[in-house]
Amino acid sequence: MLTINVAVLLAVIVVIRLRRRTHSRSRLDEKFTVVIVLALGVLIAPTPVGQGFMDFLGQLASGVTQAGR
């Protein structure tokens, strides 16, 4: 039996949708893409990969803040 990870499926859909030309998108199409990306973020956030990414972004933001002082 084949199982498909929903996060991977959404990531593939996002990549396909973002490869299209910008001027050929309607407002509804752009809103739909935003909803898909938000859903992908919600699915990835609690995973170890999502936690690692958040830690990395936190360290990056901390470094930028300290460099600005």
Side-chain angles (χ1 to χ4, degrees):
M1 181 172 176
L2 177 67
T3 60
I4 299 175
N5 188 344
V6 176
V8 172
L9 180 63
L10 282 177
V12 169
I13 291 170
V14 167
V15 168
I16 290 171
R17 291 182 67 81
L18 292 179
R19 288 188 53 159
R20 292 180 37 204
R21 293 183 170 207
T22 304
H23 61 82
S24 65
R25 296 183 190 154
S26 66
R27 279 199 182 277
L28 183 63
D29 194 31
E30 289 177 355
K31 288 178 184 178
F32 186 63
T33 301
V34 168
V35 168
I36 291 173
V37 169
L38 287 174
L40 179 62
V42 167
L43 289 173
I44 290 177
T47 64
V49 173
Q51 294 299 317
F53 188 66
M54 287 301 294
D55 291 340
F56 171 74
L57 289 179
Q59 290 176 0
L60 183 65
S62 176
V64 168
T65 302
Q66 289 179 359
R69 292 183 183 178

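All heavy atoms count here, side chains included; hydrogens, waters and symmetry mates do not. As the structure is a computational prediction, the values presented were derived from the model and not from experiment.
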Under 3.5 Å, sequence neighbours excluded: what are the donor-acceptor pairs made by side chains of residues 35-61?
residue : atom : partner : partner atom : Å
T47     : OG1  : I44     : O            : 2.6
T47     : OG1  : G50     : N            : 3.2
Q51     : NE2  : A45     : O            : 2.9

Self-check item: Sequence neighbours excluded - side chain to side chain donor-acceptor pair (under 3.5 Å) pairs with any residue from residues 35-44
Solution: none
Quiz item: Can you list every side chain to side chain donor-acceptor pair (under 3.5 Å) pair that touches residues 7-19, not counting sequence neighbours?
Solution: R17-D29, R17-T33
